[in-house]
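Here is the structure we will look at.
Proteins come first, then strands; the chains are lettered A, B, ... in the order of their sequence lines, and each starts at number 1.
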Amino acid sequence: MLKPMLAFLAVVAAGSLPVVAQTTTPTGPGAASQARPARGPEQTSVPSTAPAATTSQTTGAQNQDSTVKQMNETEKSKIEKFGK
Amino acid sequence: MTYFQNLGEQASSGQTSSSPTLGRVENVSRRGLFKGATALGGLVLAASMLPRSAMAAYATGAGAMPHGVVTDPRVFVSIAPDGIVTIVAHRSEMGTGVRTSLPMIVADEMGADWARVRIVQAPGDEAKYGNQDTDGSRSTRHYLLPMREIGASARTMLETAAAQRWKVPVSEVKTGVHEVVHDGSGRRLGFGELAADASKLTVPAAETLRLKDPKEFRLIGKGAVSITDLRDITTGKAGYGADVRLPGMKYVVIARPPVTGGKMVSFDPAEAMKVPGVERVMEVRGWPWPSKFQPLGGVAVIASNTGSAIKGRNALKIVWDDGANAKYDSVAYRAELETAVRAPGLVVRNDGDAEGALKTADKVIVGEYYLPHLAHVSMEPPVATAKWTNGKMEVWAPVQSPGGTREDLAKTLEISADDVTVNTTLLGGGFGRKSKCDYVLEAALLARELNAPVRVQWTREDDVHHDYLHTVSAERIEAGLDKSGKVVAWRHRSAAPTIGSTFVADAKHQIPIELGMGLIDMPFDIANVRCENPEAAAHTRIGWLRSVSNIPRAFAVQSMVAEIAHATGRDPKDVLLELIGPARIVPFSASVDKPWNYGEPVESYPIDTGRLRHVVELVAEKAGWGRKLPDGHGMGIAVHRSFVSYIATVVEVAIDKKGVLTVPRVDTAIDCGQFVNPERIQSQMEGAAVMGLSVAKMGEISFKNGRVQQSNYDDYPVVRIDEAPRVTNTYIVPAAAGTPPSGAGEPGLPPFAPALCNAIFAATGKRIRNLPIRDQLAV
């Protein structure tokens, strides 16, 4: 127990203990992270032949397979009755 | 060897069954309603027990849920010869504590020593365990009574076994703690000594059960039990989804279409394949949207470790067809929603003549409120591990609905559900994201394709970019006041893309559950109320996030209350109580087409303004409403009924001269009826305060060119410990006799943001109507 204590005192005497400053972490969006490079795959897009969605239209799946159509219907009924 | 389990082969009423899963599936709501506690008259029972028939019972929606309720003790309880009692937790644990609370109910009713109870997690199998969907704040309210019945059945069988061994009437024995005692002789036998004999007995009929007098509870309602995994969680030993390791497992990340409804055109894997550890790059199937919880598809990078898979994905070159939602832009869409609520929409509630009363009102106060998309960002991103062996699929994943996951796996893989095993790990948070099993389907499909165990890991960026987001909404409320300042008309228009769009193409109006969350069930005592739901198309996947549409509705309604108070020079709490009106049961408006009450019968869970008033009065008293505050401080109040519970919140804010917001104190009063684990309720209210502050201060998912603009906690921040409320006080209203349990997981969230913004107004005179607050207070 003495050795670690002596080591600790030596460090204190050398003045090498860091002083912890109180900081406020910026919280607004866009505050850059210094630790994470925000990379992803190189992506491009081609013009779509689908009509642009407007307030009166969503992209409807016209060619959904029958299994998923049924799953959609079942889940919708369940949610409308029981909630989520 | 353990007994008292899997006794399907035992004779029961002369019938035999070899299926260990055979149990009683009962619709609790059809068992018969016993209204109110009744006196026992001359009936003498074992001390501290009540006949099942004397206990105030109530109907819930539990029996109507898919696969209903199972109360066979042999399914949930096993007792080893050494006396260790193992209880099955059939609901998922994501921090609400149900993995502890539901077994705790069994243990208390059974008389088990909690220190000798072990909990095991059930696989996904709703035919065996009953409904397992951990969602909607339903677990305690649906399972308090069934779990008590399971415990009572087990206790009865143990007592009967003891009585038979001692050759005494069963009325002379009673259960102590983990043992059965004969009153006359003092003889005692531990559970372990009795288990083998008890397992040979018939499970007693529900009507014959004797339940503990609540006065005798040792565990229920006491708050003395920590969650069962606490030590493992805090020492890093608890196993979550990403901790599953299988021999030969491949690690996969997937590049998914960046725009909802988009699809891959081409990809170049060359650079990705050069990354050390990357073994394969392949296209994975997606389903055209809307497709429930089916995968989005894209390009999978398969590697020997997650880091290599991520680096490999970063090296891909992919061309996407972004599809019809390529121009989804949050700024433009907000304008569309706000335009929509300024014009008439589909009428969903119409009491009296709100239109006429608004025209003749002495004053009309108009408030428009905007709340953006929100992401779940639970601490654990989605992850799943899957193994395909001889035509059978086994998965390990943090899922809220293991039964639903099993069914979707079976349908997607086109195999029998009997060949699918879903092992539920602990969930590092859920908030509704993990109700959707798309990440599990991805892992399963790849495991089958590769014929190797596969883990599909979502990064935080994946989680933010491809969430089932909370909807975006514009709420417009017009309140007409007479000369005295009384509200005589209320028109509320709510426009938001619907959850229904995840299942139905072109869905543009909200479904009954969304309308029933704070819009058509608004309980104020106002004669003329009109609610409208203008159209709003969805351009991304919309899902449910903790408390769902209650978030924008409570924000709008409770902010408007405070605006009315300011306009009339009155105290907001007084105005709130005046609007709530006298204590009464508020029926759903006859003008509402499909009133939705969280799937619960209104007889058990009416809209009770007495309870609503009480939590307001309680929280105001406890928070010291009206006390003198330092400069720059303000208090705000809000109340909301959701998931059939009543919560009122007072927030105290401090705003310094630079506009920096801090929250010194939050007080929350919750009436959730009969409660099981007050320590967990407190933690849920504390967590709701932190989450509410995150949502209000900083929560925004925005879109540009169809893509989510945020990626991680740096640009979708959540409150850190230095910003969290300094003090959060929770007051749980003691349940009146016969009050059924109601939800606690979600209801703490909706009133927080309006209480916060009402406090900000009190402190600064600045009214926040658009969230997030972000830099709106900056000087």
Side-chain angles (χ1 to χ4, degrees), chain A residues 1 4 17-84, chain B residues 61 65-66 135-136 255 258 261 265 287-292 294 313-328 336 408 411 432 435 461 499-501 503-506 511-513 535 537-539 544 548 598-599 698 700 710-712 714-717 720 722-723 774-775:
Chain A
M1 194 56 194
L17 277 176
V19 174
V20 178
Q22 190 140 20
T23 59
T24 300
T25 304
T27 57
S33 162
Q34 294 178 348
R36 178 184 65 80
R39 276 195 64 209
E42 185 183 314
Q43 305 180 83
T44 54
S45 299
V46 295
S48 173
T49 55
T54 67
T55 53
S56 60
Q57 177 188 342
T58 58
T59 59
Q62 305 306 319
N63 56 345
Q64 192 61 279
D65 70 57
S66 58
T67 300
V68 174
K69 270 187 190 166
Q70 184 58 49
M71 289 163 76
N72 275 338
E73 273 305 313
T74 304
E75 187 71 16
K76 177 174 177 289
S77 299
K78 182 197 128 204
I79 286 173
E80 286 182 340
K81 188 174 177 188
F82 305 112
K84 56 198 183 71
Chain B
M65 294 292 295
D135 217 326
V265 174
W287 276 256
W289 178 68
S291 56
K292 193 188 168 184
Q294 299 304 97
R313 184 174 68 175
N314 289 348
L316 286 172
K317 294 181 177 49
I318 309 176
V319 178
W320 303 103
D321 175 346
D322 286 342
N325 290 310
K327 298 224 182 311
Y328 185 36
E336 290 173 13
D408 282 4
K411 286 177 185 155
S435 307
E461 287 78 9
I499 289 170
S501 64
F503 312 104
V504 175
D506 292 329
I511 55 181
I513 69 162
E535 284 187 2
H539 301 289
W544 46 90
V548 204
Y598 297 91
M698 303 172 286
E700 178 178 22
Q710 291 74 27
S711 292
N712 205 315
D714 58 343
D715 50 18
Y716 188 81
R720 304 301 178 96
D722 60 332
E723 303 167 86
R774 206 171 278 148
D775 54 5

Can you tell which part of B:Ile511 gets under 4.5 Å to a heavy atom of chain A, answering side chain, backbone, both or neither?
side chain
Please flag which part of B:Val265 lies under 4.5 Å from any non-hydrogen atom of chain A: side chain, backbone, both or neither.
side chain
Side-chain contact, heavy-atom cut-off 4.5 Å: A:Lys78 with B:Pro66?
yes
Quick one: of B:Arg313, B:Glu700, B:Gln710, who has the most non-hydrogen atom pairs under 4.5 Å with chain A?
B:Arg313
Salt bridge (charged side-chain N to carboxylate O under 4.0 Å, His left out) partners of B:Lys411, counting only residues at least two apart:
none
The side chain to side chain contact (heavy atoms under 4.5 Å, CB included) partner of B:Trp287 among A:Val68, A:Thr67, A:Asn72 is A:Val68
Could you pull out the closest heavy-atom pair between B:Val504 and A:Lys76, with the gap in Å?
CG2-CD, 2.9 Å
Closest approach of B:Val548 and A:Lys84, non-hydrogen atoms and distance?
CG2-CE, 3.3 Å
Considering only heavy atoms and a distance below 4.5 Å, find which of B:Pro512, B:Ser291, B:Gly599 pairs most often with chain A.
B:Ser291
Could you pull out the closest heavy-atom pair between A:Met71 and B:Lys292, with the gap in Å?
O-CD, 3.7 Å
Check salt bridge (charged side-chain N to carboxylate O under 4.0 Å, His left out) between B:Lys317 and all other residues, then give those that pass, not counting sequence neighbours.
none
